[in-house]
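Here the structure is laid out as structure tokens; the discussion comes afterwards.
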Amino acid sequence: MKSKPNTLQVSHTSVVLLRVMLSLIFIVASISHFINTENTIQRLENAKMGFIGQLLGTPKMAVILSGVVMLIAGIALLTGFKTRLAAIVLISVLVPITLAVQIGQVESMGPLFKNIALLGGLLFFSINSNLNYKQ
């Protein structure tokens, strides 16, 4: 006999709230990458593992590119457009940022675990692409 997969009903409102609240940090961070570019570059260059930010080019290019990607994917997540893809793209940006800036810095343990929590929220949307919403 084939067993029925376990299902979980969740409130549509709770999923929308999670999606909106999660997306806002990426949108705000992306704007900071554009407004405070030099400060963001300095943080990257001063980080113990900041060399990760130079794998694709200059630190400035990494900051601007990550800002553009976070803005586009953050807006997609906010609006619910291609949510799974947006979450995967944000994961692909958040992991290198976390490794480059937060790893190895005792004073940044709070931001490190904030990023881990963000990854948890993004994983929720990347894994659950076909949520059955209870409205």
Side-chain angles (χ1 to χ4, degrees):
M1 263 190 172
K2 207 173 194 180
S3 66
K4 198 173 187 181
N6 291 337
T7 59
L8 175 68
Q9 288 190 351
V10 295
S11 161
H12 178 264
T13 303
S14 70
V15 173
V16 170
L17 286 172
L18 175 60
R19 195 183 75 232
V20 169
M21 294 168 84
L22 186 60
S23 68
L24 291 177
I25 195 163
F26 294 101
I27 294 168
V28 170
S30 70
I31 292 167
S32 177
H33 278 221
F34 303 131
I35 295 173
N36 298 316
T37 306
E38 291 304 317
N39 290 342
T40 308
I41 291 169
Q42 279 186 331
R43 283 186 59 216
L44 180 60
E45 290 177 334
N46 294 334
K48 290 181 183 175
M49 295 184 65
F51 65 89
I52 292 172
Q54 297 180 29
L55 293 177
L56 298 175
T58 66
K60 183 174 185 172
M61 189 168 94
V63 168
I64 297 297
L65 183 60
S66 63
V68 168
V69 171
M70 285 191 300
L71 182 61
I72 293 168
I75 291 171
L77 186 63
L78 174 71
T79 61
F81 178 74
K82 301 283 185 184
T83 302
R84 182 172 191 229
L85 179 60
I88 291 169
V89 167
L90 289 169
I91 289 169
S92 71
V93 171
L94 186 60
V95 168
I97 289 172
T98 301
L99 291 173
V101 180
Q102 263 87 41
I103 299 295
Q105 306 210 37
V106 176
E107 65 277 357
S108 68
M109 291 301 285
L112 170 63
F113 284 97
K114 174 210 47 143
N115 284 8
I116 291 170
L118 290 172
L119 284 169
L122 293 171
L123 285 171
F124 174 84
F125 287 106
S126 67
I127 293 168
N128 297 296
S129 60
N130 294 320
L131 292 170
N132 292 324
Y133 297 117
K134 176 184 166 192
Q135 293 188 14

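What's counted below: heavy atoms across the whole structure, side chains too, no hydrogens, waters or symmetry copies. We count residues from 1, following the sequence as given.
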Exercise. Distance from Q42 atom CD to N36 atom CG, nearest 0.5 Å?
Worked result: 11.0 Å
Problem set entry | Considering all heavy atoms, the nearest F124-L18 contact | CD2-CD2, 3.8 Å
With a 3.5 Å cut-off and sequence neighbours excluded, list the donor-acceptor pairs that the side chains of residues 20-35 form with protein atoms.
from, atom 1, to, atom 2, distance (Å)
S23, OG, R19, O, 3.3
S23, OG, V20, O, 2.7
S30, OG, F26, O, 3.4
S30, OG, I27, O, 2.6
H33, ND1, V63, O, 2.9
H33, ND1, S66, OG, 3.1

Exercise. Between atom CD1 of I52 and atom CD1 of I97, what is the distance when rounded to the nearest 0.5 Å?
Worked result: 11.0 Å
For this session: Kindly compute the distance separating CG (L65) from CE (M70), expressed to the nearest 0.5 Å.
Result: 10.0 Å
Exercise. L122 and I116: same hydrophobic cluster, using ILVMFWY side-chain contacts below 4.5 Å?
Worked result: yes
Exercise. Quick one: CD on E45 to NZ on K60, what's the gap to the nearest 0.5 Å?
Worked result: 11.5 Å
Exercise. In the single-linkage hydrophobic clustering (I, L, V, M, F, W, Y; side-chain heavy atoms under 4.5 Å), do L123 and V10 co-cluster?
Worked result: yes
Show me the side-chain donor-acceptor pairs of residues 74-94 shorter than 3.5 Å, one per line, residues at least two apart or across chains.
from, atom 1, to, atom 2, distance (Å)
T79, OG1, I75, O, 3.0
T79, OG1, A76, O, 3.2
T83, OG1, G80, O, 3.2
R84, NE, S126, O, 2.7
S92, OG, V89, O, 2.6

